[in-house]
2 protein chains.
Amino acid sequence: MRALTRKGAATRQRILAGAAAHIREFGVGATTLDDVLSRTATSKSQLFHYFPGGREELLLAVARYEADQVLEDQRPQLGELTSWPAWQAWRDKVVDRYRRQGRLCPLNSVTSHLGNRTPGAQAVVTELVRRWQAEIAAGVRHMQDAGEIDRDLDPDRAAAALLAGIQGGVLIQMSTGDTTHLEAALDMGIAHLRTGGPRPS
Amino acid sequence: MRALTRKGAATRQRILAGAAAHIREFGVGATTLDDVLSRTATSKSQLFHYFPGGREELLLAVARYEADQVLEDQRPQLGELTSWPAWQAWRDKVVDRYRRQGRLCPLNSVTSHLGNRTPGAQAVVTELVRRWQAEIAAGVRHMQDAGEIDRDLDPDRAAAALLAGIQGGVLIQMSTGDTTHLEAALDMGIAHLRTGGPRPS
DNA sequence: TCCGGTCTGGACTGCACGGTCCACACTAGC
DNA sequence: GCTAGTGTGGACCGTGCAGTCCAGACCGGA
């Protein structure tokens, strides 16, 4: 099974992309294997050939794909948080990305469905959180080195808080349809970096 | 159909509670009508008698039930954000609540499954967000009146950001299993209220 | 004590959808 | 051009589960 022809790899990729697209459009619950099949002009046997674990394996692959996408869509700004304008540019990029995406969050959709049953789904999310947070924290450290952020601020904790705000903002957007909360959370998080740091109560 | 005997109301309530409990335990995907039936010692006809819309209507009722629960579980602290220790007490209550709840978030679980198909599910979440945010904002205003928070801070926007942080913190906890992000978000949000407000850059 | 309603039990239906199987086609290497 | 492996098509199967239906129990009012 490890021998994948160029043609085979292409088919596998086609199935994956088709599944991801269909899920983006209709959600996981409304996506059957037959839907994916007809959309990608493939057959059952092919799907099970490339994803022997069936539906679950396919969904997991989609989750991984979408998770990677999340970070990629923030490039290059996410890796260059070296000045306040850069932070602002990143903030705008994030807001724009999710505004475009609309109400659907494929990753959340997929992971809620695989749910806490599958350790695999948890792993995908945990890994995404870890990487995302690490990149933000790196930006914070850079600003500390540049003397722009108080050295007493814990970069990882600040990044965690900021990331939580983003996640929640997106989650709320999925229901309400507007990005107010996302923007408020990002703005507050960044403002807190500027003014912030621990202060005697 | 609007005539509900005391007995009938009790049965309806039993079904609802049973469904909610089963979902909390196993998640929506792993909850069938038959599960609910056997757990509550009722029959198909009863379920469809009280929830003519079937599964969907039942799920929506559970969502409403859980949404109310979310706010109730924060009482009385949520309504008494009138001093810094009170904010801290509320913060602890929220963290404790979600720590207890563990990885499952029944509301998110239900709404993701009903998904964006049902406008009803969206309405439930939107309404919850609205009420929650309003209560936090009221607390902020109170602190402003007491001179503890800068008057230039927009209470609604601050509440929105804080709420987003909570949501995201909980969401991340569902995958990672720990409350670090939730705590970080809450602490940052409250810290920002104390130090915060707009400040010349 | 009857009579309308509400409440209850559970057998039955229908089918959507995940998953299996087998036969055939294509490709590549020798 | 033989042959072993990979790729492909699609009929077929099993079943889990939402939803229907009807017969009968229970209950409250007159």
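Residue numbers start from 1 in every chain, and the chains themselves are labelled A, B, ... in the order their sequence lines are given, proteins ahead of strands.
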Whole-Å distance, B/Q13 CD to C/dC7 P, equals 15 Å
Report the distance from atom NE2 of A/H49 to atom P of D/dG7, rounded to the nearest whole Å. 5 Å
Base C/dG9 to side chain B/S45, donor-acceptor N/O within 3.5 Å cut-off: yes
State plainly whether the residues B/R194 and B/E148 are in salt-bridge range, i.e. N to O under 4.0 Å. no
Separation of C/dT8 atom C1' from B/L37 atom CG, nearest Å, is 11 Å
Between CD of A/Q46 and P of C/dA25 the distance, given in whole Å, is 15 Å
When you get a sec, tell me which of C/dG19, D/dC17, D/dT8 is the closest nucleotide to the side chain of A/T11? D/dT8
For A/S43 and for B/K7, find the nucleotide of DNA chain D with the closest heavy atom, then tell me which residue's nucleotide is more 5'. A/S43
If you measure from CG on B/L107 to CG on B/D68, what distance do you get to the nearest 0.5 Å? 10.0 Å
Would you mind reading off the distance between B/R14 atom CZ and C/dG9 atom C1', rounded to a whole angstrom? 13 Å
Of the candidates D/dT20, C/dG19, D/dC17, the side chain of B/T32 sits closest to D/dC17
Can you find an N or O donor on one side and an acceptor on the other, under 3.5 Å apart, linking the side chain of A/K44 with the base of C/dG19? yes
Find which nucleotide of DNA chain D each of A/R6 and B/T31 is nearest to by heavy atoms, and output the residue with the more 5' nucleotide. A/R6
OP1, OP2 of C/dC7 versus side-chain N and O of B/Y50: anything below 4.0 Å? yes
Taking it one step at a time, do B/E66 and B/R24 satisfy salt bridge (charged side-chain N to carboxylate O under 4.0 Å, His left out)? CA-CA 10 Å; B/E66 294 289 357; B/R24 286 186 107 90; 2.6 Å; yes
Rounded to the nearest angstrom, tell me the gap between atom CG in B/L33 and atom P in C/dG14. 19 Å
Whole-Å distance, B/F48 CZ to C/dT13 C1', equals 13 Å
Under a 4.0 Å threshold between the charged nitrogen and the carboxylate oxygen, would A/D145 count as salt-bridged to A/R151? yes
Here the distance between atom C1' of D/dA18 and atom CG of B/L47, to the nearest Å, is 10 Å
When rounded to the nearest 0.5 angstrom, what is the spacing between NZ in B/K93 and CG in B/D73? 8.0 Å
